[in-house]
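This report refers to the structure that appears directly beneath it.
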Amino acid sequence: MTEFKGTALTPELYAYVLAHNPPLDPVQRGLVETTQRALPAHAVKQIAEEQVPLMAFLVRLTGARHVVEVGTFTGLSALAMAQALPEGGRLIALDVSEEWTAYARQAWERAGVDGRIDLRIAPALDSLRAMPAEPHIDLAFLDADKDNYINYWEELVPRLRPGGLIVADNTLMMGSVLDPENHPMGAHVREFNTHVAADKRMESVMLTVADGLTLARRADR
């Protein structure tokens, strides 16, 4: 068995990691606090704090101008990515909740990036299938209902430009991928991970960031 070389992440070490990452700006921090206060039962759906600067970093690293987000919740990841977009860049955010995305709209407006974000309230599969079929997406962030992850993947990959990136969140699903019988979404995520690893159109790596983060690059040259 391969030797585990990771470091156990204690609360103190996690605080150290956050202290050595770019800090959340006031709008980002305010959105985290608002989500925790207003939606305590659902706040776990928000991306982890270390993912905020990471998503912005990936937008800048790839030079993305056309970003698609599947699953927006209260808008923290969309906020980070929109702030990192170059002039003329655009982010299409897909969600089904007017209630949750109302918090997103407020934060995007406060940050001055609402003009860069096209929020579409509808089933994400319908919205994806309505997009142009040719490759045009530079970066996609997948963080929605896990039972549709493979369906979203299959709509996104053909629309991804060569070298484009898909980032899929929660690919460890709190460890339930090892014992999916004990978690309703564990089996779906496990199936998705197997699907991604076998997809020859993409080069993928799974990382132990937050609840598991898979980065996949369209391999066409």
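Here CD of Gln46 is found 4.5 Å from OG1 of Thr74. Values are rounded to the nearest 0.5 Å. To the nearest 0.5 Å, the span separating CG on Asp147 from CE on Met185 amounts to 5.0 Å. Summarising the geometry, atom CG belonging to Leu54 is positioned 13.0 Å from atom CD belonging to Glu49; distances are rounded to the nearest 0.5 Å. The CG atom of Leu119 sits 10.0 Å away from atom CG of Leu91, with the distance rounded to the nearest 0.5 Å. Between Leu76 atom CG and Lys45 atom NZ the span is 15.0 Å, to the nearest 0.5 Å. Expressed to the nearest 0.5 Å, how far OG1 of Thr208 lies from CZ of Phe4 amounts to 7.0 Å.
Checked by atom type and distance alone, the side chain of Asp211 never pairs as donor or acceptor with a backbone atom of Leu172 at under 3.5 Å. In this structure a side-chain-to-backbone donor-acceptor pair under 3.5 Å is present from Thr10 to Leu13. Proximity of a side-chain donor or acceptor of Arg90 to a complementary backbone N or O of Ala82 within less than 3.5 Å is not detected. Looking at Asp25, its side chain does come within 3.5 Å of a backbone N or O of Gln28 through a donor-acceptor pair.
Closest of all the heavy-atom pairs between Ser204 and Ala197 is OG-CA, 4.3 Å. The two residues Val157 and Arg218 make their nearest non-hydrogen contact at O-NH1, 2.9 Å. The two atoms that bring Asn151 and Asn148 nearest to each other are ND2-OD1, 2.7 Å, heavy atoms only. In plain terms, the two heavy atoms of Ala144 and Gly71 that are nearest each other are CB-CA, 3.9 Å. Annotation for Ala56 and Ala84: closest pair O-CB, 3.5 Å, computed over non-hydrogen atoms. For Ala107 against Val27, the heavy-atom pair with the smallest separation is O-CG1, 3.5 Å.
No path of Ile, Leu, Val, Met, Phe, Trp and Tyr side chains, each step under 4.5 Å between heavy atoms, connects Leu215 with Val177, placing them in separate hydrophobic clusters. Hydrophobic clustering, with ILVMFWY side chains joined whenever heavy atoms are under 4.5 angstrom apart, groups Met55 together with Leu24. Linking ILVMFWY residues whenever their side-chain heavy atoms come closer than 4.5 Å, directly or via other members, places Leu160 and Leu128 in the same cluster. Placement of Leu207 and Leu139 within a single hydrophobic cluster is found when ILVMFWY residues are connected by side-chain heavy-atom separations under 4.5 Å, directly or transitively. Grouping the Ile, Leu, Val, Met, Phe, Trp and Tyr side chains by contacts below 4.5 angstrom, directly or via other members, places Phe192 apart from Met174.
When side chains are defined from C-beta on, Pro132 does not count as touching Arg159, because their heavy atoms never get closer than 4.5 Å. Under the 4.5 Å side-chain criterion, counting only non-hydrogen atoms from C-beta, Tyr152 is in contact with Leu125. Two residues are said to be in side-chain contact when any heavy atoms from C-beta on lie closer than 4.5 Å; Glu191 and Lys146 fail this criterion. Contact check for Ile47 versus Asp169: side-chain heavy atoms found under the 4.5 Å cut-off. When side chains are defined from C-beta on, Val205 does not count as touching Arg217, because their heavy atoms never get closer than 4.5 Å. Counting heavy atoms from C-beta on, the side chains of Leu39 and Glu99 come closer than 4.5 Å. Gln51 places none of its side-chain heavy atoms less than 4.5 Å from the side chain of Val167. Side chains of Arg161 and Asp138 form a contact here, defined as non-hydrogen atoms less than 4.5 Å apart.
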Test side-chain contact (heavy atoms from CB on, under 4.5 Å) applied to Tyr16 and Asn21, step by step: CA-CA 9 Å; Tyr16 179 86; Asn21 269 344; over 6 Å; no
Exercise for review: Apply side-chain contact (heavy atoms from CB on, under 4.5 Å) to Thr34 and Arg37, showing your working.
Suggested key: CA-CA 5 Å; Thr34 296; Arg37 182 176 63 252; 3.5 Å; yes
Query raised in the report: Does the side-chain contact (heavy atoms from CB on, under 4.5 Å) test come out yes or no for Ile92 and Met131, once each step is laid out?
Result: CA-CA 10 Å; Ile92 298 175; Met131 291 180 185; 3.8 Å; yes
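Sorted by first and then second residue, the side chain to side chain donor-acceptor pair (under 3.5 Å) pairs with a member in residues 108-136 read Asp118-Arg120, Arg129-Glu155; sequence neighbours excluded.
Under the 30°/60° scheme for interplanar angles, the aromatic rings of His195 and Trp153 are found to stand perpendicular.
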